[in-house]
Structure formats: C-alpha cells, structure tokens
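Here is the structure we will look at, set down as structure tokens.
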Amino acid sequence: MNMMSKTAYEIPLELKQLITSNQAFHYRVVPMSKNENTLQLKTDNTDPDSLQKELAIILGCTIIIIPETTENIESYLTFNYRKTTVSSSEKLQYEDRFLQKLITTAKDYGSSDIHMEPYEKLCRVRFRLDGKLKEQYTISNTEYPQLVNQIKIQSGLDISQKRLAQDGRITFKEGTEEFDIRVSTMPTLYGEKIVLRLLNRNTQEVSLNDLGFTKEELENYREAIKNPQGIILISGPTGSGKTTTLYATLKELNKETTNILTIEDPIEYTLQGINQVQLREDIEFDFPAALRAFLRQDPDIIMVGEIRDDRTAAMAIKAALTGHLVLSTIHTNSAWATISRLIDMKVPAFLLANTITMSIAQRLVRKLCTHCKTKKNTEIKDFPQGFDIPEEIHHHYIAVGCNQCYHTGYMGRKAIYEILPITKDLEIAIRHNELQIDTYIEKRNIKTLQHNAIRMVIDGTTSVEEVYALLSDN
Ligand SMILES: [Zn+2]
C-alpha cells in the first residue's frame, strides 16, 4: 500500500473554493472534478442519496457521488482542509455559548449580517463579508430549533409564534463593548430563517480620508460640506456605503458649536455629540414629521436617512432653504439621475437649483486580496461587450482565494464616487430643464463611476469581474 499516493491528492484550487472546510468535514466530501454544472465528489457518507440532494441545494449544481473508503476520505480531508470550527458534539456541549461564539466570530471577521437558514437535512449559517454571503457553519436540524429559541428569547420575540415574520433586537455585551443586533425571523419551508444584523459598529476609525475619495474628489467634497446651507445628496443602491460616507461626514462636522440632528432607520452607528433619532413609522414619526420637529430645535446640520417620497423631499428642500445644511441619501444610479428623480418627486426645478450643492453617486467595490491576486493578460473577452478598453491596459488582476481571505479572493472594500458639483451653469440648466449631461460631464472632466472603476482595475485594486456591471452600464 502506498500511503503517499493517498494523502497526496491535492484538490485543485478552483474546486477547493467550491466547498468550505466546514462543509467538507461535515459531509465528509472531497471534490474531484467539475464539468459545466456538475460536481463530482468522493465521500464515505453512509447516506449518499440525501447527501446528493442536500449538496445540490447548497452548492446550486448537480452532484455526482463517488464512494470512497473512510481511511482515504480522512486523509484527503486532513491533507486539504483545515478544520476551523467547533465540531457538532462541541456545539451540543456548549450550545448556549454557540450564539455568543457566532456573534463574536462574525464581528471579528467584520461581517455585517448573519444568516441562519434551515433546509431539509441541516441548517447553514452564512456571514455577509464585504457585501457577499459566505457559508461559515452548518448546524444539524436537531440543534437548530434550540438556537432559534435562544435568539427569540434574547430579542424579546414570541417563541411559540413560528408562522409569522417577527422583528426584535438584542443588546450584545462582550467585555466592555456593547452593541445592538437587529433580529429578523421569517417562516420558510423547513423552519424559521433568522437574519442578525450587527449594528453600532465602532466608527472611531471611519474617516473621510479612508473611504475611497481621490485627493481631488475629497477636496471638492470638503468644500461642499463647509457650506452652512444647502443639500448634499448621496445616491446608490442598498449596501453601497452611503451611510458610512454620511457618518464620516458628520464626524468631521461634529463640533461643540454645531447642533447636529439625525433621523435614521435604523440608527446604525452611535456618534457622541450628535442627536440621533430613530424613525418610528408605527407612531407616525416618519421622515417628514421628524424634519418638522427638527426645524423647531434650532439645528445647524440635519441628516435625513433617506429621501423616499415627495413629502420628505419637500421638507428637506424647505430645511435647506431656511438656512440649514441637509445631508441625505436617495436610491438612484448616478449623480445626475438624482436631479431627475427629485424633479419626478415634484420638487420645482428652480428650488432644486437653489438648494442642491452637490450630488454624489457611490458604489462599494471589493478589493482583491493582495496575498493571492494573480496577474492575467488582458483579452477583449474579459470585458463586457461594447466596452472601450483603455489602451494602457495590457494586463489586470483576477481573484483566486487563499486562507488569508477566507477563499473569497477579496479582502476589504473601497468606495468609488461620482461627484457632481452643482455649479452656476448647471443651476441654470436645471432651472430651464435643458441639459446635455454627457457633454457637461465631458467638458467639466467629471470622473464618472465607470471612469473610477476602470482606474481601480488598472492599478490592480480590484478585478474586472467586480466592476463588470458598472462597465456594461452604457
Ligand atoms: Zn487571498
């Protein structure tokens, strides 16, 4: 018997990334090959049929099972995978400490959300890391209900109610640190799915300097927030980092001489010296109601979580007209789209022109892991069809995955911005509703999201894949 040949099966990297270490140990599977949408696995699992069905759901592809001896599986697993989590028996033993561990681990990873989802044979736990979900643990179906109950008790939810979605909150203490977790439950086919959102992350380090503004953009932005009145709007889809930009801005504007009020839903970070108010739609304390109350509180700066409707837009304009600096976010795709959106929200063009000082669009882009990113010669097919590849690109970097980046190929994120200052001539154009925005952007040399995205590909900060949607957005 040749021991070497057994332990020496090294799973190719692209296959290894398909299965986490926990999954490999939990299911006792070793990936062998992948063809189109079919993955071949070796296993010593005694119930290959269930295994096949379960993994098909979890991995989202067709599974072919090849039986293997326990001895070989054991050696393949230990050779290829590092065991990173508590074993199932440990979990049972420390059942009530599992939740604690789960939350502290998520926090250590810098994760924003924990998803727990039951399936027919087991439950999986995923963390949102840098905006993408990644599986971290699997829990057996016998243990899951205990975990659910524990979370529901701690967050003040009704444990007997399993058929309705519920929302609650947990205040989590870890040493001297305390932070809030928003809990949401939802009935699914095999039980309740739970999402924990970790709030009140430490914002001490969040500074405008570290977000991703270029030097020039930052100068422009700092100039704009110095204005004692007017509106600055930040647009982008959910999860594009708008709130972080706003908080970093407030932190910079926060002075003893300034009264800052915020209305938020939810309050994600707490900031010393700033009056933060939680939106309460159940008692009709919505954005417009809060703004109305704020105006009687002698504010200098007002932050409105989001401009969602005509009434909020009208109140925000009113606040800006009466001598306040208003900061807010809005769901649009570009800095210019924000202007059109507000006109759709029935804000008169002349008022808009008078109040908006700056419109910003932003996205979050994952940064390639510097430990494993790999250089590749650029080919036309790497880019979206119709995209004009800049001449200076001869190569770019692709994501690979290593232990340092939890096999995602990425580590950390960076914001990219598109900044549209509302200058006099733009004001006139908005007033008369006559603007060729493309010509304007070109003439003014405004760096669009797309321009900034490609800049990050050129300097190797991110991959083409990560900004693909922005590049094809033409
Ligand atoms: Zn890596």
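If you're wondering where the values come from, they're calculated on a predicted model, not measured in any experiment. All ligand and atom numbering here is 1-based and tracks the order in the structure.
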Val195 and side chain to side chain contact (heavy atoms under 4.5 Å, CB included): which partner among Thr185, Ile114, Asp113, Val183? Asp113
Using the ring of each side chain (for Trp, its six-membered ring), is Phe213 parallel, tilted or perpendicular to Tyr417, with breaks at 30° and 60°? parallel
What orientation do His396 and Phe383 show, parallel under 30°, tilted 30 to 60°, or perpendicular over 60°? perpendicular
What's the separation between atom CD1 in Ile139 and atom CG in Leu102, rounded to the nearest 0.5 Å? 6.5 Å
When Tyr137 is tested against each of Tyr144, Phe98, Phe25 for ring pair (Phe, Tyr, Trp, His ring centres under 6.0 Å), which residue passes? Phe98
So, does Lys16 use its side chain to make a donor-acceptor pair with the main chain of Asn80 at under 3.5 Å? yes
Provide the protein N, O or S atoms situated under 2.8 Å from the Zn ion (ligand 1); waters are not included. Cys369 SG, Cys372 SG, Cys402 SG, Cys405 SG
